[in-house]
Number of protein chains: 2
Amino acid sequence: MTTTKTKKGAAALPLNTIVDGDCIEAMNALPAGSIDLIFADPPYNLQLKGDLHRPDNSRVDAVDDAWDQFSSFAAYDRFTQDWLAAARRLLKPNGAIWVIGSYHNIFRVGAAMQNAGYWILNDVVWRKSNPMPNFRGKRLTNAHETLIWASKEEASKYTFNYEALKALNEGVQMRSDWVLPICTGHERLKNEAGEKAHPTQKPMSLLHRVMVATTNPGDVVLDPFFGTGTTGAVAKMLGREYIGIEREANYREVAEKRLSKVRKFDKEALQVTTSKRAEPRVPFGQLVERGMLNPGEELLSMNGRHKAKVRADGTLIGDDIKGSIHQVGAKLEGAPSCNGWTYWCFKRDGKMVPIDLLRQQIRAEMTDRPN
Amino acid sequence: MTTTKTKKGAAALPLNTIVDGDCIEAMNALPAGSIDLIFADPPYNLQLKGDLHRPDNSRVDAVDDAWDQFSSFAAYDRFTQDWLAAARRLLKPNGAIWVIGSYHNIFRVGAAMQNAGYWILNDVVWRKSNPMPNFRGKRLTNAHETLIWASKEEASKYTFNYEALKALNEGVQMRSDWVLPICTGHERLKNEAGEKAHPTQKPMSLLHRVMVATTNPGDVVLDPFFGTGTTGAVAKMLGREYIGIEREANYREVAEKRLSKVRKFDKEALQVTTSKRAEPRVPFGQLVERGMLNPGEELLSMNGRHKAKVRADGTLIGDDIKGSIHQVGAKLEGAPSCNGWTYWCFKRDGKMVPIDLLRQQIRAEMTDRPN
DNA sequence: ATGTAGTGTGAATCAATAA
DNA sequence: TTTATTGATTCACACTACA
């Protein structure tokens, strides 16, 4: 648990360890621009007044720990600004952050993130499939929490594994509302007395989705409010490097024990569906160079309305319009843009075949990449 | 439309009318402590860059109206503070407010509400059953908006019709996430040219739920950003009094016309919130996220002839074939299609168990209504 | 070197309603 | 039955030329 690797060209990072200390001081001690993703579950600043009882008179074990107490909105805002600034310094230019919270704190946190220069990409609703009911019937069942996903700045080229998430969602685009159960059963860590080890342990499924969505294997993930280490456990399983910061010795101990038992999934399983965008670019001219299409050959538009001739340099000419497969397609259709690969077809055995098929042939010949 | 009743012991209110003017000035002209509920749909402060096109090259008709433009966060915050203060003055001591927004503005609005002394009761997620997709595949589908429900102050004895909401929700406590379709079809108001009359018309079902939950018949409901008057229409139907404020003559005109046609207790309108139930769709990836199956684990086909490994994103890999449980099953069997849920099994206690069993477990846990 | 503006290529959609 | 339309959107990126 105390392995500290040194990355090529970067200052030493305490990878795969739990740092003891206050999160702001600990973050300030780490090298700037070294972190790919931050996952933060800061204190919610709950303001509970008295005990809450269930209809059967049993007492609800609520969050009333000292670390969740702030004297005022101003004090909470100051704390929030400070840790968000420290976190932002640590992020690589293309790094990103996730913060989770409830209505008690998330609006203040979100506004502070915008003020600090973070660029919000989505807010995500974690819809709990098994929330605690509102026993008194005075409000709606508080059945969700909110996550904010933001990049370090507007210009950041953040990681988003679109296809992997689409795959996770049975082939349709993943939405901003996620239905996942809260952490219960044997996933919920208990102490010797059988009490829950941490009052707000997050489910691994939530972290799993966050990391599959916005990190790649080998990325460095920091959790400044580590608690019992759910972030670390999922990072380790998924082949990401983690750094945890936690000031309570008790939580650190539970987390250490937990992490020592986690094993990484094998490499093949960690591979994830990638998008076409990541596939090697094939210039249209290559189809001509390779003789898959001949200069002078005629292409037909998908809808059959237009024709164009292939020229030796990989451009098309049709109706006096010359240019790339995309340009000519767009002009003929009067559209702002056009994907020529799927627009143009050629004839083979009397059938219309899109030229994209030829591109796929070339790609298949190219070195088999793991992703 | 210009009936002005005088309530016992209260200054004259322009009940059931649309006030022409800037919302802050108009609110300041109304008597303090006279309003039961405020519903506010303020500008979202969207910051659009250029045009967005669908994959079929059609242009998305985005919200780019002048009323949604602010020069900076500071300008937006000032505006927000001002209208929230004016609104709070109007509320009765036990009055309440609803504000709707998206991630562009809702965090700033929520923080400003807390700073102004409002007491947040719930944040509610309006989960859209038919949102616009993310065409570029660069983020999650933005499939929800957030509402904040708050009382005038912490001590307020706010209205909450617990049993009515429970009845609306088939006998179980209403949760903080509401699934409702966006406003389309004949409910969506159009101008003579057939274009939408307002870019962001809210569905009546949403207002219906808000008013059933937090007002009583005869209550006075104020909407300072009236638009085409959905708040007024629902208030009238449900026997509440409304006051609208709207500065755009065009919207006022559409709203007047609309409201003149609305009749109280229109049965058809009351049925808006009821909808069909379907079996919730469970993506296979959720079994992986939730640890019911692990990446790298082997699945066997029902007939025992094929094997495949589970990957972290919920796809399978077997004999170099990658894809969904359905795709891989179909390929391996040489069949046009295959129901992966009943095709694939895993081993438990030496027995072959179809993965569909795990899906049934998840469905049983889901207490939320799909529609 | 470092940054910015301009240009060329090319990737990308779900659910509901209306026609 | 099939096809067309549409909705609160902070929705690309790599490369070159030039300051």
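Here is the naming used below: chain letters follow the sequence lines, and residue numbers restart at 1 for every chain.
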Starting at CG of B:L206 and ending at P of D:dA8, how long is that distance when rounded to a whole Å?
-> 12 Å
Look at the side chain of B:Y76 and the backbone N and O of B:P43, then say whether any donor-acceptor pair between them is shorter than 3.5 Å.
-> yes
Rounded to whole Å, the NE2-P distance (A:H326 to C:dT7) equals 18 Å
Does the side chain of B:K202 get closer than 4.0 angstrom to OP1 or OP2 of D:dA8 through an N or O atom?
-> no
Compute both the distance and the angle, then confirm whether B:R127 meets the cation-pi test with B:W178: under 6.0 Å from the six-membered ring centre, within 45 degrees of the axis.
-> no
Taking the same atom, P, in D:dC13 and in C:dT13, what whole-Å distance lies between them?
-> 15 Å
Partner of C:dA18 under the Watson-Crick or G-U wobble criteria, both distances under 3.5 Å, comes out as D:dT3
B:N142 side chain N/O closer than 4.0 Å to the phosphate oxygens (OP1, OP2) of D:dT10?
-> yes
Let me know the distance between CZ of B:R188 and C1' of C:dA15, rounded to the nearest Å.
-> 15 Å
Using the aromatic ring of B:F135 (for Trp, its six-membered ring), decide whether it stacks on the base of C:dA12 within the limits of 5.5 Å and 30°.
-> no
Can you tell me how far C1' in C:dA16 sits from the matching atom in D:dT10, rounded to whole Å?
-> 26 Å
Look through every strand shown and name the nucleotide pairing with C:dA11 as Watson-Crick or G-U wobble, where both distances are under 3.5 Å.
-> none
Given atom NE2 of B:H144 and atom P of C:dC14, what is their separation to the nearest angstrom?
-> 19 Å
Per the atom types in the model, does the base of D:dT10 pair as donor or acceptor with the side chain of B:R139 at under 3.5 Å?
-> yes
Is any side-chain nitrogen or oxygen of A:Y162 closer than 4.0 Å to OP1 or OP2 of C:dT13?
-> yes
Should B:K196 be listed as having a side-chain N or O under 4.0 Å from OP1 or OP2 of D:dG7?
-> yes
Any side-chain N or O of A:Q327 under 4.0 Å from OP1/OP2 of C:dT9?
-> yes
Please determine, for D:dA8, whether a Watson-Crick or G-U wobble partner exists with both distances under 3.5 Å, and give it or none.
-> none
B:R59 CZ to D:dT6 P, straight-line distance once rounded to whole Å = 12 Å
Between B:Q47 (CD) and D:dA8 (P), how many Å, whole number?
-> 18 Å
Could you tell me whether the phosphate oxygens of C:dA12, OP1 or OP2, come under 4.0 Å of any side-chain nitrogen or oxygen in A:K166?
-> no
OP1 or OP2 of D:dA12 sitting under 4.0 Å from any side-chain N/O of B:R136?
-> yes
Using purine N1 to pyrimidine N3 plus N6-O4 or O6-N4 for Watson-Crick, or N1-O2 and O6-N3 for G-U wobble, both under 3.5 Å, which nucleotide pairs with C:dG6?
-> D:dC15
N-O pairing of B:D177 and B:R175 below 4.0 Å | yes
Contact under 4.0 Å: A:R359 side-chain N or O vs C:dA11 OP1/OP2 = yes
